[in-house]
Protein chains: 2
Amino acid sequence: MAKQTVSIRARAPLAEPEAAEFAVLLKAVADPVRLRLVSLVAAHDGGEACVCDLTGAFDLSAPTISHHLKVLREAGVLDSERRGTWVHYRVRDDVLDRLAGMLGDLHRPAGPRLVSAGARR
Amino acid sequence: MAKQTVSIRARAPLAEPEAAEFAVLLKAVADPVRLRLVSLVAAHDGGEACVCDLTGAFDLSAPTISHHLKVLREAGVLDSERRGTWVHYRVRDDVLDRLAGMLGDLHRPAGPRLVSAGARR
DNA sequence: CGTCTAAGTTGACAGACGTCGAAGCAAAGG
DNA sequence: CCTTTGCTTCGACGTCTGTCAACTTAGACG
């Protein structure tokens, strides 16, 4: 009788296009400054913050902060909206959820999920 | 009676040292090739794979694959062990869990966790 | 030992990245 | 209209990163 070990690692590996897509998100977040920026925006009351709330937390010039915010915005991690004089940033919760879910799924065997894909709110 | 809206965003923002630490992990994974490498290793039978199992999936030279594996190893995402002629790589599940957990926590309000911090296995 | 195969190291190079100062644009208030 | 304040864009600079060809190291097997 053959070996019959049902593979414990049944999940299919990431295809190249998916990997490329996630890599864009990961690259955006893979920087101490940008990670803290996301964290600061998420932790801010109401889940949004204007740039003026953020610059004080860093020893960096305003253009540099603006640059990092642009990277996060273009990657889809943050949304921005101008209201009067101030520009408000907000975290794309769904995007962060997809990212966290993908990383969790990587090493977790296929089957019933522990966490539902949608965010709880 | 006062409004009593307990701030929905109570989680403290990431401190700089934590951010730097996580950024190292994220940088390691924030590359299409490395993301697929991790995925391939994780999806491989037994949760481990030798380099010879991996090189075929890419249009890259062996030194380049070796370089990416080194980055992942030094960041702590992968473990490697030489057994005879072959070097076997394995995913550090705990590390990936910490990463996924951190990203999930970023935008999720503080309070009772949905997922226990330790991996289920 | 000699040789073959697997994997890693070195050195080089083009391109991407993080940072800043200076200049630009947008809204609000004189 | 002019000025001020908040934020972004531009241009430049040094550093880091992904890639390869060439070479080296580590075991296995005669």
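Because the structure is predicted, anything quoted here is derived from the model rather than measured. Throughout, a chain's letter reflects where its sequence line sits, starting with A, and its residues are numbered from 1.
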Can you get from B:Phe22 to A:Phe22 by hopping between Ile, Leu, Val, Met, Phe, Trp and Tyr side chains that sit under 4.5 Å apart?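 Yes, because B:Phe22 and A:Phe22 connect within a single hydrophobic cluster, where side-chain heavy atoms sit under 4.5 Å apart.
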
Are B:Val87 and B:Val41 co-members of a hydrophobic cluster defined by side-chain heavy atoms under 4.5 Å apart?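 Per the 4.5 Å side-chain linkage, B:Val41 and B:Val87 are co-clustered.
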
Which is more 5' along DNA chain C, the nucleotide nearest A:Pro63 or the one nearest A:Arg83? Just name the residue.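 The residue mapped nearer the 5' terminus is A:Pro63.
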
Considering heavy-atom distances to DNA chain C, does A:Val33 or A:Gly84 have its closest nucleotide positioned more toward the 5' end?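 The answer here is A:Val33.
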
Phosphate contact (D:dG6 OP1 or OP2) by A:Tyr89 side-chain N/O below 4.0 Å: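 No.
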
Using a cut-off of strictly less than 4.0 Å, decide whether B:Thr64 has a side-chain nitrogen or oxygen near OP1 or OP2 of D:dT19.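 No.
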
Tell me the interatomic distance from [X], atom [atom1], to [N], atom [atom2], rounded to whole angstroms.
| X | N | atom1 | atom2 | value |
| --- | --- | --- | --- | --- |
| B:Trp86 | C:dG8 | CH2 | C1' | 17 Å |
| B:His67 | C:dC13 | NE2 | P | 18 Å |
| B:Ile65 | C:dT9 | CD1 | P | 15 Å |
| B:Arg73 | C:dT9 | CZ | P | 6 Å |
| A:Lys27 | C:dG15 | NZ | P | 16 Å |
| A:Leu72 | C:dG18 | CG | C1' | 13 Å |
| B:Leu69 | D:dT19 | CG | P | 12 Å |

Under 4.0 Å, counting only non-hydrogen atoms across every strand here, what does [X] touch: a base, just sugar-phosphate, or nothing?
| X | value |
| --- | --- |
| A:Ser66 | base |
| B:Thr85 | sugar-phosphate |
| B:Arg34 | sugar-phosphate |
| A:His68 | sugar-phosphate |

Treating [X] as the side-chain partner and [Y] as the backbone partner, does any N or O pair qualify as donor plus acceptor under 3.5 Å?
| X | Y | value |
| --- | --- | --- |
| B:Arg82 | B:Gly84 | yes |
| A:Arg36 | A:Phe58 | no |
| A:Arg34 | A:Ala28 | yes |

Residues touching DNA chain D, which here means a heavy atom under 4.0 Å, drawn from residues 50-60 of chain B: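 Contacts with DNA chain D under 4.0 Å: B:Asp59, B:Leu60.
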
Just compare D:dC7, C:dT9, D:dT8 and give me whichever is closest to any side-chain atom of B:Lys70.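 Selected nucleotide (nearest to the side chain): C:dT9.
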
Given C:dA27, D:dT8, D:dA26, identify the nucleotide with an atom nearest to the side chain of A:Arg82.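 Looking only at heavy atoms from C-beta outward on A:Arg82, the closest nucleotide is C:dA27.
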
What closest approach, in Å, do A:His107 and B:Ala42 show between heavy atoms, and which atom pair accounts for it?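 Answer, listing the atom of A:His107 first, then B:Ala42: CA-CB, 4.3 Å.
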
Is B:Leu60 close to B:Val33 at the side-chain level, that is, under 4.5 Å between some pair of heavy atoms?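 Yes, their side chains come closer than 4.5 Å.
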
